[in-house]
Amino acid sequence: MTSESHKNTEKKIWLPLPDPFSFEHCLDFLNRNSYESLHEVHPNKVIKLLKLEGQLYLTEIACWEKMMGLRCLNRAWTTAAEKAATQYVTMLFDLDRDLKSFYLQMSEEPLMGDLTRQFRGLRMIGFPDLFEALCWSVIGQQINLSFAYRLKQRLVTTYGSKLFWKGKHYYTFPDPQTVSGISENEFRNWQYSASKTNYLQNVAQQMVTGSLNLESLQRMPTEAAISRLLEIKGIGPWSAHYVAMKCLRRPEAFPQQDVGLHHAIKLRTGASEKPSTKQLEKLGRKWHPWQGYATFYLWHTLIVS
DNA sequence: CTCCAGGTCCATA
DNA sequence: TATGGACATGGA
């Protein structure tokens, strides 16, 4: 019996990898900031706490040849959890995407051609959880990324679900119900601005009531989904496109206002100024329908070099 | 010290 | 419809 349960705990979930796929490039992206509180990156694997079917699964994600393997460290997979975990990592690593037409379209593009070769197999790392995506877009507004990660860290380590494993705590992003109960004072003590506090409470509230949910957004065409997101106080054009890119996984979403994108373009072109709105619009038209993927690849240049 | 970070809202004209 | 200021904090 003990050997049987041990065997269950060791059972791996196997997923076929798309071609091309580079786990290494994906790990580089996941490892971009040392204040990240929602996963831990190792040389050949990433460890992440998942809440599936109401239970915590500390999951080790690794790749062999053409397969991705998921091992749960603290319990045995149930059938339902196995399915949910598969969906989760499929979204996280954008495994369903066929990148052939992206690479074909960009291969001769001055700004992108080299990147499609240098980062070949890099997938857009997504947010399977809509609430997390919205919160992160609000937190990231206007402030530098290191500070944004620290703001997130306080929220996550205080209110996320947690699991202690081999001397360390692992966390999930808190759910909307929990965040909607956090007082304004507490946010302020954590150095959240008054507006970020309001926006987060508002987003949490709308998720709790169900007026905002991933399923209905996923059913909408990209333009309609972005319009719906823009109705939310605190979600402007940048955030709406960011969420459409990283959570709804629309490759044509384009956070044109993103200063990181501007910086990356400036560095690559050697220009003395950041690109103008007109230049960005022109690039957007040229990259269509892969603006989001192009943006993601350009972001990647900022962490690798 | 000043300027700017993976922006957005609100007041004012 | 367009533009300017406020926002919290930290790094360059």
Side-chain angles (χ1 to χ4, degrees), chain A residues 28-38 111 115 119 122 124-127 130 132-155 173 182-206 212 226-251 253-268 271-278 280 283-284 287 291-305:
Chain A
D28 282 342
F29 183 82
L30 288 168
N31 200 29
R32 88 204 113 127
N33 193 285
S34 56
Y35 289 108
E36 175 60 64
S37 44
L38 292 173
L111 221 48
L115 294 185
F119 300 149
L122 170 66
M124 190 188 303
I125 303 300
F127 288 105
L130 174 63
E132 181 188 338
L134 287 163
C135 290
W136 180 233
S137 80
V138 167
I139 291 170
Q141 288 167 11
Q142 213 282 334
I143 56 178
N144 65 68
L145 266 185
S146 289
F147 184 47
Y149 274 103
R150 268 148 58 209
L151 290 181
K152 179 174 88 161
Q153 186 179 44
R154 291 169 195 149
L155 190 63
F173 196 81
I182 302 174
S183 73
E184 191 180 336
N185 275 343
E186 191 145 13
F187 273 118
R188 301 312 304 278
N189 286 340
W190 290 335
Q191 304 176 297
Y192 282 66
S193 69
S195 13
K196 280 193 205 303
T197 301
N198 288 335
Y199 302 156
L200 292 178
Q201 287 175 329
N202 174 45
V203 166
Q205 204 49 245
Q206 288 198 45
L212 192 56
I226 285 171
S227 299
R228 170 66 187 94
L229 289 168
L230 286 171
E231 289 171 9
I232 306 165
K233 188 155 294 189
I235 302 298
W238 176 84
S239 300
H241 282 264
Y242 181 84
V243 170
M245 250 179 87
K246 302 252 301 176
C247 181
L248 307 181
R249 293 158 60 232
R250 309 299 171 98
F254 188 34
Q256 203 186 289
Q257 305 77 358
D258 185 86
V259 298
L261 172 69
H262 302 169
H263 186 213
I265 292 174
K266 180 173 179 284
L267 286 178
R268 282 192 73 66
S272 55
E273 299 296 327
K274 291 192 165 182
S276 66
T277 306
K278 276 204 184 346
L280 288 160
L283 285 171
W287 292 343
Q291 297 96 312
Y293 246 89
T295 300
F296 189 75
Y297 270 53
L298 283 160
W299 283 344
H300 205 63
T301 64
L302 299 175
I303 61 171
V304 173
S305 53

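Reminder, nothing fancy here: chain letters follow the sequence lines and each chain counts from 1.
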Handout entry: Side chain A:K196, main chain A:Q141, donor-acceptor under 3.5 Å
Key = yes
Practice task
Looking at every strand, decide which applies to A:S239 at a 4.0 Å heavy-atom threshold: base, sugar-phosphate, or nothing.
Solution key: sugar-phosphate
Exercise for the section: State which of C:dG10, B:dC9, B:dG7 makes the closest approach to the side chain of A:W238. Expected result: B:dG7
Practice task
For A:K246, report the nucleic acid contact type (base, sugar-phosphate, nothing); a contact means any heavy atom under 4.0 Å.
Solution key: nothing
Problem - Nearest-angstrom distance from the residue atom CZ of A:R150 to P of C:dT9 - result: 11 Å
Problem - Who pairs with C:dG10 - Watson-Crick or G-U, where each distance is under 3.5 Å - result: B:dC4
Exercise for the section: From the options C:dC7, B:dT8, C:dG11, select the nucleotide whose nearest atom is closest to the side chain of A:P237. Expected result: B:dT8
Problem - Any donor-acceptor N or O pair under 3.5 Å, side chains A:R154, A:Q191 - result: yes
Completion exercise
When rounded to whole Å, the CZ to C1' distance for the pair A:F147 and C:dG10 reads 8 Å
Handout entry: Length of the line joining A:L230:CG and B:dG7:C1', which is rounded to integer Å
Key = 12 Å
Handout entry: Span that lies between the P atom of C:dG4 and that of B:dC3, in whole angstrom
Key = 15 Å
Exercise for the section: Would you check if A:I232 and A:N202 make a side-chain contact, meaning some heavy-atom pair closer than 4.5 Å? Expected result: yes
Handout entry: Atom-pair distance (CG on A:L261; P on B:dA5), nearest Å
Key = 13 Å
Exercise for the section: Tell me whether the OP1 or OP2 atom of B:dA5 has a side-chain N or O from A:Q142 closer than 4.0 Å. Expected result: no
Exercise for the section: Tell me which of A:I232 and A:R32 sits closer to the 5' end of DNA chain B, going by the nucleotide each one is nearest to. Expected result: A:R32
Exercise for the section: Could you tell me how the ring of A:F296 sits relative to the ring of A:H300: parallel (under 30°), tilted (30 to 60°) or perpendicular (over 60°)? Expected result: parallel
Problem - Aromatic ring proximity, centroids under 6.0 angstrom, A:H241 and A:F254 - result: no
Practice task
Whole angstrom is fine here: how far is it from CD1 in A:I143 over to P in C:dA12?
Solution key: 16 Å
Handout entry: A:R32 to A:F29, cation-pi by 6.0 Å centre distance and 45° axis angle
Key = yes
Exercise for the section: Select base, sugar-phosphate, or nothing to describe what A:L151 touches, counting heavy atoms under 4.0 Å on all strands. Expected result: nothing
Practice task
Quickly work out the A:N189 CG to C:dT9 C1' distance and round it to whole Å.
Solution key: 15 Å
Exercise for the section: Could you pick out which residue, A:Q257 or A:K233, lies toward the 5' side of DNA chain B when each is mapped onto its nearest nucleotide? Expected result: A:Q257
Practice task
Look at A:K196 and C:dA6 and indicate whether a side-chain polar atom (N or O) is within less than 4.0 Å of OP1 or OP2.
Solution key: no
Fill in the blank from the handout: On DNA chain C, more 5' by nearest nucleotide between A:S146 and A:Q141 is A:Q141
Exercise for the section: Provide, to the nearest angstrom, the distance between the CD1 atom belonging to A:I226 and the P atom belonging to B:dT8. Expected result: 12 Å
Practice task
Sticking with atom C1', work out how far B:dA5 lies from C:dA2, rounded to a whole angstrom.
Solution key: 25 Å
Exercise for the section: Send over the distance from A:L200 CG to B:dT8 C1', rounded to a whole Å. Expected result: 13 Å
Fill in the blank from the handout: Of the listed C:dC7, B:dA5, C:dT9, the closest approach to the A:S193 side chain comes from C:dC7
Handout entry: Pairing partner (Watson-Crick or G-U wobble, both distances under 3.5 angstrom) of B:dC9
Key = C:dG5
